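Report on one structure; see the data block that follows.
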There are 4 protein chains.
Amino acid sequence: MPFSISSAALETAVADHLPWLRDLYRHFHRHPELSMAEHATADRIEQELTALGLATQRIAGTGVVAVISNGEGATVLARADIDALPLQEDTGLEYASQKPGVMHACGHDAHAAALLGATRILAEHRDACSGTYIAVFQPGEETAAGARAMVGGGLLDQVPRPDVALSQHVMPTAAGTIGKVAGPVLSAGDSLKITIHGRGAHGSMPHTAVDPVVLASSIVLRLQTIVSREVEPGTFAVVTVGSLTAGAKANIIPDSAELLLNIRTYDLAVREQVIAAIERIVRAECAAAGAPADPQFHYYDQYPLTRNDSGVTDTVTEAFVEHFGPRAVYEASRVTASEDFSLIPDAFGVPYTYWTVGSVDPARYRDAVTRGAVSQEIPANHSPHFAPVEEPTLLTATRAQVVAALAYLGAGREAD
Amino acid sequence: MPFSISSAALETAVADHLPWLRDLYRHFHRHPELSMAEHATADRIEQELTALGLATQRIAGTGVVAVISNGEGATVLARADIDALPLQEDTGLEYASQKPGVMHACGHDAHAAALLGATRILAEHRDACSGTYIAVFQPGEETAAGARAMVGGGLLDQVPRPDVALSQHVMPTAAGTIGKVAGPVLSAGDSLKITIHGRGAHGSMPHTAVDPVVLASSIVLRLQTIVSREVEPGTFAVVTVGSLTAGAKANIIPDSAELLLNIRTYDLAVREQVIAAIERIVRAECAAAGAPADPQFHYYDQYPLTRNDSGVTDTVTEAFVEHFGPRAVYEASRVTASEDFSLIPDAFGVPYTYWTVGSVDPARYRDAVTRGAVSQEIPANHSPHFAPVEEPTLLTATRAQVVAALAYLGAGREAD
Amino acid sequence: MPFSISSAALETAVADHLPWLRDLYRHFHRHPELSMAEHATADRIEQELTALGLATQRIAGTGVVAVISNGEGATVLARADIDALPLQEDTGLEYASQKPGVMHACGHDAHAAALLGATRILAEHRDACSGTYIAVFQPGEETAAGARAMVGGGLLDQVPRPDVALSQHVMPTAAGTIGKVAGPVLSAGDSLKITIHGRGAHGSMPHTAVDPVVLASSIVLRLQTIVSREVEPGTFAVVTVGSLTAGAKANIIPDSAELLLNIRTYDLAVREQVIAAIERIVRAECAAAGAPADPQFHYYDQYPLTRNDSGVTDTVTEAFVEHFGPRAVYEASRVTASEDFSLIPDAFGVPYTYWTVGSVDPARYRDAVTRGAVSQEIPANHSPHFAPVEEPTLLTATRAQVVAALAYLGAGREAD
Amino acid sequence: MPFSISSAALETAVADHLPWLRDLYRHFHRHPELSMAEHATADRIEQELTALGLATQRIAGTGVVAVISNGEGATVLARADIDALPLQEDTGLEYASQKPGVMHACGHDAHAAALLGATRILAEHRDACSGTYIAVFQPGEETAAGARAMVGGGLLDQVPRPDVALSQHVMPTAAGTIGKVAGPVLSAGDSLKITIHGRGAHGSMPHTAVDPVVLASSIVLRLQTIVSREVEPGTFAVVTVGSLTAGAKANIIPDSAELLLNIRTYDLAVREQVIAAIERIVRAECAAAGAPADPQFHYYDQYPLTRNDSGVTDTVTEAFVEHFGPRAVYEASRVTASEDFSLIPDAFGVPYTYWTVGSVDPARYRDAVTRGAVSQEIPANHSPHFAPVEEPTLLTATRAQVVAALAYLGAGREAD
């Protein structure tokens, strides 16, 4: 009997694969690989997909794609990120990282295992659905490089155009729960290196110099006016100068200064406004200083805005509620972190949703964990102590991917 | 016949020692040693002094002192600095530095040779003078450490209190000329490391931070008002922030920032005013930011003001004019560089003068060299190309030390 | 038959009073009076209330209160503001202001007429309701003085404690519609005069001065960091320096400077945070400048936050929808303007709601008026051209006050 | 017997005219007239010159010129300024100003009387000198308008080209003494009104504005860097923002702001550098703010640099020493005040000197007056208490003008 979104059959099907899921997860956790160098990880993913009888493609070196074509119906793209962080693990886990200084501290190991799990369920239960399922294992999320690389590497030509795209992320909320929110969920994040040019001189001869320290300081203060005066009050926008470096000695006026900025917005028009204001201010301040050369702007680590489509979010939420029950699904707050997932659906021009999956044992953190709230007691993503509880995290994440896909591919369903 | 300040006998006595002077100079030049590590240099100086029959003392490790006691009369302290710079020589001289990355690029080799020469002349011609001559070979001028170390190391207890102190410096002006100026001649120079404390946070959460980048920038701009508004217009004062460093990543607000300041003044009251203003502004700006901890001030590389005594300068100038002729002595401009010589007379509480000795071959730099003017064509002190012409530089420097001493010790003279 | 919230009987009862309402409205419009000087206006209000058989009280000079006691039940306080603006009317209306330079350009004339109308309906239809109705005609809203004055003048002692408080405002939206919103609806607005003290001097002698122009400028720039760095991103907060005045002549450094600030917030904790930050920054900047005297802070024109209670807003909205139909009631946006109404319920410690009433003829501004949107074509409040259309504005405003009161006082109802 | 610079005859000749000089002085003092409106003063001067048999010319309305042509020899131009100040006199003098709010508080009454006196002596003693003497009575010094107006009004065409120009000023130093200095003696002073344009808005809507208050503040801080970083340390330069005005209400962001600057320099190249830097900074800061219109620069009250020619100063000083004795002539300090005298010799392209004449009774201010020092006890120029002692001030000023002229026109002398 084919399972449906709500069926106990689905729950059982996933549970049956738990040993395999756990092995996969622990393997990935033990062998983390840095962004865009996930070679062994990608190999293992390909092996697993091949074992399911699926053809795989490598895109952008360490990206892996597999497509399940199952007759008429919608096309769903599900994406998991697979890279790890340059961090020394300090969890004490039996299956802790065996690679010094590299750690799956952001749960991408669970994302990869869960997407393999969902792909396996869908491949093994073709009777339960119809349509096309595209599993995308994406490298390099932590450096904002991977989604861009896969799109640049030909993803759009090598898989069918989806109707909808899905992704998820483990969070330090109660395991077994799912957070969803329509609209902006993750901020756009842009990093920007600004190099400004003065003219060096001995510290006792400022009149022969164009002092880049004074210039840089003036820029930093002037940049404050973007948020305080130019952005509409109450609109989210952050302009942080995280680093300012100029000179090395007290008595030498240096030639240049370097500023590293981070920009966060929830609205692309605001993002454009802020970036234009930054460049306008920096150029003008250089002119005010009589700088001998133009400033240089180098944008990097650019994360897109993640803005969940209302329709897709509603459809998927309804399916989650049907399968997990209403108490397991909560309205998440948007957060100021960033993701590069949305570059993929944006490249296709299709709607998407992105939800969060809890990973904390409520029994262990009884007082700290509430629905959707994150306590400072609990090691969060990017902490050397980050350690999702395997159960029910892996099962929930896998079932969530299946349930969300079935919302579009389930028997008798059509795409929104 | 004892020579006098003006006698050809003195000129001859010095000239006779030229081969020895040149050997000494070339030896020092070939074997430069960094500040406070002038061990071989000090050894050689002691050997030479011992050969003259003088008792020597080592003070502060590499400082050397010898005293010529010659009956009634004034006591004159003459000081030469002996350390080299961390610089790769690029002069092509036959006697270039044999130590990679270390070079006598500031003429201290000539200073040492000339003071040995003057000491030798005075030791060999006791009939020409009466009184006491203290030759001080000082280490560590380039790091402002040596004079302080010799004073701290007991100089005041180990030599008689002088009536007057003398020092000289080679400059890229015409060899054979001497520059003199009464009053402030070299600026006081103070370096200052300021550490300011904010509170770090993720770049997207400035409200949980106290942003030290904004705080540091505000400090830099506010410091400008010291010179622009607080110091009397037309009074020399420089406050340079040579270095500002804070943070390393665009998206992390750092915990602290560090500023390196250099302060230059010609007047100790102005120096005190400027330092008080800096501390007042920095503390208040930290308060404005709500900084969680007080700023820290660490002063270093502190050079005293060099302020030539009018009486001593007049006396010595008169002697120079008598010996070298009026065309060889010019009114020098004060410069913004600094020296630690004055710490020694200031410790004794005695007046001093400090003059400059030309070192450039007028024949070679015919158009570039004028009386007292410094051309950019000519490699200056601290340049890897700095190369004083040996003659007449060594002779002039040696004679200048003898003549200046005789102004106080010469037969029939008394101290001012 | 007693009318109910939804009955046509209520509509008829109000419509029957239209000629009287229009006369009242035009009288008030013709005879506007400035804040806290609404003597004739208050007299006329008292006459009308007395004619209804109600006892009246004068509070704070020009405030008027009347109470309808009608047996068991809830107590509702309804408030209308009655003052005009110092503005020369330019509407061309037949009943335009007869007082040069004074104009009802903010609709308080309509507020007063509508509250008199509602009081008349409730006084004449005691069978339709039970409980206590307190009509409060408040002076001095435009200067934030009136509500404070009535509370200070004994309002709490002279009327029963209400269960709920109500107020409304005409807006340049479509006449016949009502805007409602729960939570913060009008910002808290605080004005602040800061006087900073420097030390004057001739412009050529800055070293004898403490320059208040530089100090004030430094303060203005530093204040920008409150919104850019201290307030949580996305939280509404505005710190505007609307005026900065210092000095009168180019060549005289003045003694002091004056800044006028306006602060807007939707959250009292943010308001406290912003005010504390302003005072911290100003005091510290004065210390940075070495100011000879402490800065002075004078707060004025302080408007409270208007934060509609959710329960009251829901109850009143339900009543509006029942009476006016769902199309007439829309979700309003909160605005950055301010009101002093909430000081009254806050003094009593009771919940309240505040809604808006449209005043623009949709037929005249066909393209400009949409539900809740305000076009720049339409003269808005405080414009010399502001001219609410009398019908249906007056009827709607009067009915709204009755309907909102009946939500609590209607037969068989109880207070929330 | 013709008198010479050193003769007692000259002293007697001047002393004989003391009653007339005092009458003139008191008349001018009683009847002060504001800048460029010195009509009665000019009339009186013309009467006196006519009485001496000299032809007079009026230039620029209230400027008066007379020429004594006396054969071969040099041509000397002597200038006195004649205008008063808008100040209420508070000296209690018998001959105090009879015009409320107008006062000769800067000694121009003495200047005018002394120049008339010198002209009379030279006219009456043609045998004592040969050459040409041009007496220039200049209006409007206090507003920097008069010298410019006379040059613009044809002065160069209406008098012979002088070889040298002379002027003097009474100062609150000991009466009977004369201060002289070669080189820069009075600073160049330029006032500058800068209007910057933003875009106004309600204080709660900064995003629709370009905030001129923030812009102006940024400009003020940035202007500090001209003196702190751009001008050579130790070089005199002052940039004062004496006035900053923007806005009138706390809750309205104004459209524009106005800054009044005063610039003081002793070197025209520095003046040009400072002015260029100000314009560069203001323009760039407006660009940084996104200002909708260019800033406007209006220069006014522009005083030239007064730089005494060394040769002329030496010649005149020698004559002063010869006549008054060495104790009466001292080396003055340059001051930061300004004068427009130099515009006249600069227009002719001839050298000049400008000296000061003491005006304080040493007996009265025994402890306060020293050679050249100015005590704060003594009412200075521009004080409502400024009251030169008539004797010997008038005699000294008159003799100084004669002696300085004779240095060039005296029998047997030639121009430098």
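On a predicted model such as this, the values are computed, not experimentally measured, just so you know. Naming convention: chains lettered A, B, ... in sequence-line order (proteins, then strands); numbering from 1 in each chain.
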What residue in [options] has the most heavy-atom pairs under 4.5 Å with chain C?
options: D:L260, D:L244, D:N251; answer: D:L244
options: D:K249, D:Q224, D:M205; answer: D:K249
options: D:L259, D:D301, D:V241; answer: D:V241

Original post:
What is the ring orientation for D:H108 with D:H169, classed by angle as parallel under 30°, tilted 30 to 60°, or perpendicular over 60°?
Top reply: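 Geometry flag for D:H169 against D:H108: perpendicular rings.
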For chain D, which of [options] has the most heavy-atom pairs under 4.5 Å?
options: C:S217, C:P212, C:A209; value: C:S217
options: C:G200, C:P206, C:S187, C:S218; value: C:S218
options: C:A257, C:S243, C:A337; value: C:S243

Original post:
Can you say whether C:A248 sits under 4.5 Å from chain D via the side chain, the backbone, both, or neither, judging by heavy atoms?
Top reply: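 It is the backbone, since no side chain atom gets that close.
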Original post:
Would D:R280 and D:E230 count as a salt bridge (charged side-chain N to carboxylate O under 4.0 Å, His left out) if you check the C-alpha gap in whole Å, the side-chain angles of each, and the deciding distance to 0.1 Å?
Top reply: CA-CA 12 Å; D:R280 186 192 74 229; D:E230 298 196 31; 2.5 Å; yes
**OP:** Any chance you could lay out the side chain to side chain donor-acceptor pair (under 3.5 Å) test for D:T240 and D:N262, step after step, and finish with the verdict?
**Re:** CA-CA 5 Å; D:T240 286; D:N262 190 247; 5.8 Å; no
Subject >> N-O pairing of D:D294 and D:R283 below 4.0 Å >> reply: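 Between D:R283 and D:D294 there is no salt bridge, as every charged N stays at least 4.0 Å from the carboxylate O atoms.
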Subject >> Approximate separation, where rounding is to 0.5 Å, of D:Y300 OH and D:L192 CG >> reply: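 The OH atom of D:Y300 sits 8.0 Å away from the CG atom of D:L192.
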Subject >> Sequence-distant partners of C:D83, salt bridge (charged side-chain N to carboxylate O under 4.0 Å, His left out), two or more places apart >> reply: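 For C:D83, no residue satisfies salt bridge (charged side-chain N to carboxylate O under 4.0 Å, His left out) once neighbours in sequence are set aside.
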